[in-house]
Amino acid sequence: MSVKLYHIFPDLMNLYGEYGNLTALKGALEAAGQEAEVVKLRPGEEADFADAGFLYMGCGTEPARNAALAHLRPLSDALREAILTRQVPTLFTGNAWPLLGQSLTTADGSVLEGLGLFGYAAAETRDRYTGDAIAQPAAPGLPDAPAVGFFNRCDKVQGVETPMFTLEMGRGNDGVEHSTEGFVQGHFYATHLIGPLLVKNPRLLSHFVSLLSADAQPIDETSHAALAYQVTLSALRQRLAKGN
């Protein structure tokens, strides 16, 4: 049976080549002998996610994010059922995951009601932060290897009790260096790390494959992806050592 990988609003929330997360996941599943299909869900389309094996939403501009929130509202009950009740493995990256919290306060002070699936709340700031990141896993079950990536964010998220990472490099949910970042609950994973995340981090990719297939393969340490990861991690840690 083919695993259906739902890509939510791939045209609206499409910055930084984040579609690469699903491309990498689909390829890794197929390498493990598991058929996989990417299902693109666009604004205005209905879905109950009853056949979903995986849900993904990437990041967008702030206007696109606000539009995405409006388009997500009719899907709120279906998302709640899939994510919270059925525990469908889910990944939201960039500024997508704050939409599932209690509220989003924009930079002009407007308060947008979130979908309310989780207890955190986000607020934009006038200060945009960009920079590379090294993120140590903080949630149980994640692979014991740091993740690498990049941040481009202008929000802070409060009320996160179960973060996904502790940052060795970069600013976390509270906008502070070396703090905690992202969010995990059950099989819902959320992070501002982009890159794309699963392209740059083969062990994290393998983790998601293991949630979807009983035949997940060990990481090939000689693969291009594994070698590229090691080069990136080494270069970032050299910068840290020099104080950059």
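Any value given below was found using the heavy atoms of this structure, including those in side chains, with hydrogens, waters and symmetry copies removed. Along the sequence shown, residues carry numbers from 1.
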Checklist entry - When you check the gap from the basic side-chain N to the acidic O, do E35 and K4 get nearer than 4.0 Å? => result no
Checklist entry - Considering all heavy atoms of both residues, which atom of F49 and which atom of A82 are nearest to each other, and what is their separation? => result CB-CB, 4.1 Å
Checklist entry - Are Y16 and M13 grouped together when hydrophobic residues (ILVMFWY) are joined by side-chain heavy atoms under 4.5 angstrom apart? => result no
Next on the checklist: If hydrophobic clusters are built from ILVMFWY residues whose side chains come within less than 4.5 Å, do L84 and L100 share one?
Outcome noted: yes
Item to check | Full working for side chain to side chain contact (heavy atoms under 4.5 Å, CB included) between V39 and H7 | outcome: CA-CA 6 Å; V39 179; H7 192 170; over 6 Å; no
Checklist entry - So which heavy atom on L41 is nearest to which on E46, and how close? => result CD1-O, 4.0 Å
Checklist entry - For D77, does the CG atom have more than 12 heavy-atom neighbours from other residues, nucleotides or ligands under 6.0 Å away? => result no
Item to check | Heavy-atom closest pair, residues S213 and Q34 | outcome: OG-CB, 4.1 Å
Next on the checklist: Nearest 0.5 angstrom please: E18 CD to M57 CE, how far?
Outcome noted: 12.0 Å
Checklist entry - Does a side chain donor of either Y129 or N152 reach within less than 3.5 Å of an acceptor in the other side chain? => result no
Item to check | Salt bridge R128-E62, side-chain N to carboxylate O under 4.0 Å | outcome: yes
Checklist entry - Looking only at atom types and distance, does a side-chain atom of S234 sit under 3.5 Å from a main-chain N or O of V231, one as donor and one as acceptor? => result no
Checklist entry - Below 4.5 Å, heavy atoms only, C-beta onward: do V148 and D132 meet side chain to side chain? => result no
Checklist entry - Looking at side-chain heavy atoms only, is the closest gap between L104 and R65 below 4.5 Å? => result yes
Item to check | Heavy-atom donor-acceptor pair, R86 side chain to V88 backbone, under 3.5 Å | outcome: no
Next on the checklist: Quick one, L99 with L112, criterion side chain to side chain contact (heavy atoms under 4.5 Å, CB included). Give me CA distance, side-chain angles, the key distance, then yes/no.
Outcome noted: CA-CA 9 Å; L99 303 181; L112 306 178; over 6 Å; no
Checklist entry - Looking only at heavy atoms, what is the nearest atom pair of A122 and P98, with distance? => result CB-CB, 3.6 Å
Checklist entry - Side-chain contact, heavy-atom cut-off 4.5 Å: V38 with Y56? => result no
Item to check | F9-L69 co-clustered via ILVMFWY side chain contacts under 4.5 Å | outcome: yes
Checklist entry - How about L91 and L25: do any of their side-chain heavy atoms sit closer than 4.5 Å? => result no
Item to check | Common cluster, L55/V3, ILVMFWY with side-chain heavy-atom separation under 4.5 Å | outcome: no
Checklist entry - Is there a side-chain contact between L29 and L5, using heavy atoms and a 4.5 Å cut-off? => result yes
Checklist entry - Could you give the distance from CG (L167) to OG (S179), rounded to the nearest 0.5 Å? => result 5.5 Å
Checklist outcome for this item: Heavy-atom nearest pair, A225 first then P202, reads O-CG, 4.0 Å
Checklist entry - How long is the span from the CD1 atom in I134 to the CE atom in M169, to the nearest 0.5 Å? => result 4.5 Å
Next on the checklist: Counting the benzene-type ring for Trp, do W97 and F188 have ring centres under 6.0 Å apart?
Outcome noted: no
Checklist entry - Are T93 and L193 side-chain neighbours, meaning at least one heavy-atom pair lies under 4.5 Å? => result no
Checklist entry - For E177, does the CD atom have more than 12 heavy-atom neighbours from other residues, nucleotides or ligands under 6.0 Å away? => result yes
Item to check | Greater than 12 external heavy atoms within 6.0 Å of Y19's OH | outcome: no
Item to check | For Y229, all residues meeting ring pair (Phe, Tyr, Trp, His ring centres under 6.0 Å), sequence neighbours excluded | outcome: none
Checklist entry - Would you find a donor on one side and an acceptor on the other, under 3.5 Å apart, between the side chain of N201 and the backbone of R203? => result no
Checklist entry - Is there a path from F150 to L15 through hydrophobic residues (I, L, V, M, F, W, Y) whose side chains come within less than 4.5 Å of each other? => result yes
Item to check | Spacing of L212 atom CG and K26 atom NZ [to the nearest 0.5 Å] | outcome: 13.5 Å
Next on the checklist: So, applying ring pair (Phe, Tyr, Trp, His ring centres under 6.0 Å) with Y189, which one of F208, F92, F183 is it?
Outcome noted: F208
Item to check | From Q185 atom CD to L117 atom CG, the distance as rounded to the nearest 0.5 Å | outcome: 9.0 Å
Item to check | Donor-acceptor under 3.5 Å (T232 side chain, A228 main chain) | outcome: yes
Next on the checklist: I'd like to know if the side chain of N95 and the backbone of G60 have a donor-acceptor N/O pair within less than 3.5 Å.
Outcome noted: yes
Checklist outcome for this item: Rounding to 0.5 Å, atoms CG (L79) and OG1 (T90) come to a distance of 8.0 Å
Next on the checklist: Just checking E37: does its CD atom have more than 12 heavy atoms from other residues, nucleotides or ligands closer to it than 6.0 angstrom?
Outcome noted: yes
Checklist entry - Do H187 and L211 pass the side chain to side chain contact (heavy atoms under 4.5 Å, CB included) test, and can you show the C-alpha distance, the side-chain angles, and the key distance before you say yes or no? => result CA-CA 9 Å; H187 285 165; L211 296 178; 3.9 Å; yes
Next on the checklist: Would you say S110 and D108 are linked by a side-chain donor-acceptor pair, where the criterion is simply a distance under 3.5 Å?
Outcome noted: yes
Next on the checklist: Does F151 form a ring-ring contact (aromatic ring centres under 6.0 Å, His included) with H192? I'd like the steps, not just the answer.
Outcome noted: CA-CA 6 Å; F151 288 131; H192 271 81; 7.0 Å; no
Next on the checklist: Using side-chain heavy atoms (C-beta onward) and a distance below 4.5 Å, is T180 in contact with V160?
Outcome noted: no
Next on the checklist: So Q158 and N173, do their side chains get closer than 4.5 Å, heavy atoms only?
Outcome noted: no
Checklist entry - Ring centroid separation for F54 and Y6, is it under 6.0 angstrom? => result no
Item to check | side-chain hydrogen bond (donor to acceptor under 3.5 Å, both in side chains) against Q136, all qualifying residues, sequence neighbours excluded | outcome: E168
Checklist entry - Any sub-3.5 Å donor-acceptor pair from S223's side-chain atoms to D220's backbone N or O? => result yes
Checklist entry - If you measure only the distance, is there a donor-acceptor pair under 3.5 Å linking the side chains of E181 and T191? => result yes
Item to check | Trace of the side chain to side chain contact (heavy atoms under 4.5 Å, CB included) decision for D127 with C154 | outcome: CA-CA 6 Å; D127 176 31; C154 62; over 6 Å; no
Item to check | Nearest non-hydrogen partners of A78 and A47, listed with the distance | outcome: CB-O, 3.6 Å
